[in-house]
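Okay, structure first, notes after.
Counting convention: from 1, in listed order, for ligands and their atoms alike.
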Amino acid sequence: MQTAIQQNLHSVLAQLPDGVQLVAISKYHPADCIQEAYEAGQRVFGESHEQELSKKHEILPRDIEWHFIGHLQTNKVKYIAPYISMIEAADSVKLLKEINKQALKNERVIDVLLELHLAQEETKFGFSPEQCRQFLDEGEWRNMKGIRICGLMMMASNTDEQQQIEEEFALAYDLFKEFRQTYFADCDYFCKRSWGMSHDYLIATAHGSNMVRVGTRIFGERAYL
Ligand SMILES: *Cc1c(COP(=O)(O)O)cnc(C)c1O
């Protein structure tokens, strides 16, 4: 028999267009819940706190691909560098340099996404379009052999106005296409467009997303302790 989590997971997966990857956001949910989703076939999970992630990583199956989706402090990079599969919210040059350094120390290449700040809230992190363009233009990243920039990530404004959300996703998709053409024309790996959460993932996939980060819709409300 399927658990509620497994049912939710299957209904989200059934809605996703071909080629869209689901990152199951398991922050604040216990390892048992992740195990349930794992047993239903899910392998990619996202967490936003280093300590919580490290504990879960230790006890859960080794073939889980962990994505770090929160704001990551530079002094925490070293703890996740040995095993993290993707750092989705690379939101500053300083952080990218630290990820590069720790990746090289671990003799690996870490996949990252550049986080764009397109939302109205000041509180959100990320590069403005202009900052992102400037960073890519300056080209220092080409010498960072420990990171591989695989695409863009963003969060839409926290609003009920669907049009606002759509405009932000559409802008993100335009920027993705611009950057791919200008800087990554011969890099097949620059292909990830991570936008869309529980309340807007279908709007996101209609506007170019091919990686949705869905938590509540699968695991239920989070218990913030
Ligand atoms: C928590 C979180 C999500 C998932 O949010 P839900 O509304 O629970 O689906 C997605 N992306 C980021 C960056 C988050 O912090």
For residues Phe179 and Trp141, establish whether the separation of their ring centroids is below 6.0 Å. no

Among side-chain atoms of Ser26 and Glu47, is any donor-acceptor pair under 3.5 angstrom? yes

side-chain contact (heavy atoms from CB on, under 4.5 Å) evaluation trace for Phe184 with Leu136: CA-CA 10 Å; Phe184 298 95; Leu136 291 170; 3.9 Å; yes

Salt bridge between Lys55 and Glu58, side-chain N to carboxylate O under 4.0 Å? no

For the OG atom of Ser92 and the NE2 atom of His71, what is their distance to the nearest 0.5 Å? 7.5 Å

Select all protein residues for which some heavy-atom-to-ligand 1 distance is less than 4.0 Å, and list them by chain and number. Ile25, Lys27, Ile69, Met153, Met155, Met197, Ser198, Arg213, Val214, Gly215, Thr216, Arg222

Would His207 and Tyr173 count as a close aromatic pair, with their ring centres under 6.0 Å? no

